[in-house]
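Here the structure is laid out as structure tokens; the discussion comes afterwards.
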Amino acid sequence: MKIVLVIDATNFNKEQFEYALYIATQAKGELTALFLENSTQLHMPVSKYSHIQGYQLTNDEGDAVKKELIEENVEAYITACEMKNTIAVFQRAKGIPLDETIEASRFADLLLLSDDLSFAFSQEDGPAKFTEEVLTLAQCAVMVMPKTMLEINEVFFTGNGSFSSMYAIRQFTYLFPHLRDKKVTLLYVIENEDEATKHKRYIKEYLKHHYTNVEIKILMGNPSAAIRSHLSKQSNCIVTFGAYGRSKFSQFFKKSKADDIIKTLDIPVFITHP
């Protein structure tokens with residue numbers, strides 16, 4: 001299995017790397033780091049470059065600092081891999097970050113990235129626009145990593161029996177068969193009492209073919225609000241999303257709902273769509 005970790009080449013985060021390696025180990029996959037070098041902003045370590053704070057770098061100086069940072073981060077990644085006794089596999093991408101990421105996703109089983117990965121000139125609130133675009137356009141499954149890296153002890157599937165929600169559940173199950181003995185909770189979302197739950201029995205039957213401890217919870221109302229409320233009390237877990245019912249994936253993950261789901265929940269979020 002090929003798992004790609006998307007990294008801003010000027011801002012390598014060792015903790016995120018270790019969590020990505022944990023995910024890859026759990027899934028029995030090989031981790032490849034995708035260093036995106038075409039960054040529009042520069043993450044300069046204050047301790048190293050404090051002597052130039054307040055000084056506007058020329059283009060040539062900025063390019064030199066950026067090149068040095070990238071080389072140091074690639075070396076830091078290689079060293080981190082060596083310390084974990086794993087082979088350092090990586091790609092250096094110099095093109096447009098979004099284009100490079102989507103192309104890499106076409107040849108991967110799973111894409112890993114943080115919710116605040118950004119190539120904007122200014123600070124962004126909530127999930128970065130780059131992350132949202134990747135979620136919409138990625139050609140493989142995507143996992144948005146949390147800020148607090150914790151072991152996964154429970155799986156929450158979300159859905160209402162729609163094709164896209166079951167597609168997400170199946171993809172997760174295929175990618176992470178080792179989680180079959182973890183507790184699995186299906187958050188079955190309906191918007192009103194008159195909505196039929198005829199698919200509930202089929203979903204539960206499917207899950208019991210793959211997992212040993214399955215529970216179903218019925219949630220009513222707005223999907224993102226109901227799920228956020230339930231998951232706000234959870235930790236050491238992961239949640240999966242597809243699209244809901246008649247809603248298109250891009251409509252479901254408008255910024256307001258992405259804020260509700262991703263920004264307020266510091267847990268890994270697995271997202272895929274047909």
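Scope of the values below: all heavy atoms of this structure, side chains included, with no hydrogens, waters or symmetry mates.
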Residues passing the side-chain contact (heavy atoms from CB on, under 4.5 Å) test with Asn213, sequence neighbours excluded, are Lys183
* Asked: Is it the case that Tyr211 and Thr173 place a side-chain donor and acceptor less than 3.5 Å from each other?
  -> yes
Output for pair (Phe172 CZ, Leu110 CG), nearest 0.5 Å, gives 9.5 Å
Thr86 meets the side-chain contact (heavy atoms from CB on, under 4.5 Å) criterion, sequence neighbours left out, with Leu21, Cys81, Lys84
Hits for salt bridge (Lys or Arg N to Asp or Glu O under 4.0 Å) against Lys147, two or more places apart or cross-chain, chain-then-number order -> Asp115
Sorted by chain and residue number, the ring pair (Phe, Tyr, Trp, His ring centres under 6.0 Å) partners of Tyr167 (sequence neighbours excluded) come out as none
Taken in chain and number order and not counting sequence neighbours, the residues that satisfy side-chain contact (heavy atoms from CB on, under 4.5 Å) with Glu75 are Ile78
Hits for side chain to side chain donor-acceptor pair (under 3.5 Å) against Glu18, two or more places apart or cross-chain, chain-then-number order -> none
Using a 4.5 Å side-chain heavy-atom cut-off and chaining through intermediate ILVMFWY residues, the residues clustered with Met83 come out as none
Residues at least two apart in sequence or cross-chain that pass salt bridge (Lys or Arg N to Asp or Glu O under 4.0 Å) with Lys217, listed by chain then number, are Glu215
* Do the side chains of Leu98 and Phe107 join up, straight or via other hydrophobic residues, at under 4.5 Å, putting them in one cluster? -> no
On a heavy-atom basis, the closest approach of Ile3 and Gly29 is CD1-CA, 4.3 Å
Applying ring pair (Phe, Tyr, Trp, His ring centres under 6.0 Å) to Phe163 and not counting sequence neighbours gives none
Here the side chain to side chain donor-acceptor pair (under 3.5 Å) pairs for residues 93-113, sequence neighbours left out, are Glu37-Lys94, Arg106-Gln139
Across all chains, not counting sequence neighbours, the ring pair (Phe, Tyr, Trp, His ring centres under 6.0 Å) partners of Phe17 are Tyr77
I'd like a table of donor-acceptor pairs (distance under 3.5 Å, sequence neighbours excluded) in which one partner is a side-chain atom from residues 150-157, with atom names and distances.
unit_1	atom_1	unit_2	atom_2	d
Glu154	OE2	Thr185	OG1	3.3

Check your understanding: Got a sec: does the CD of Glu71 have more than 12 other heavy atoms crowding it under 6.0 Å?
Key -> yes
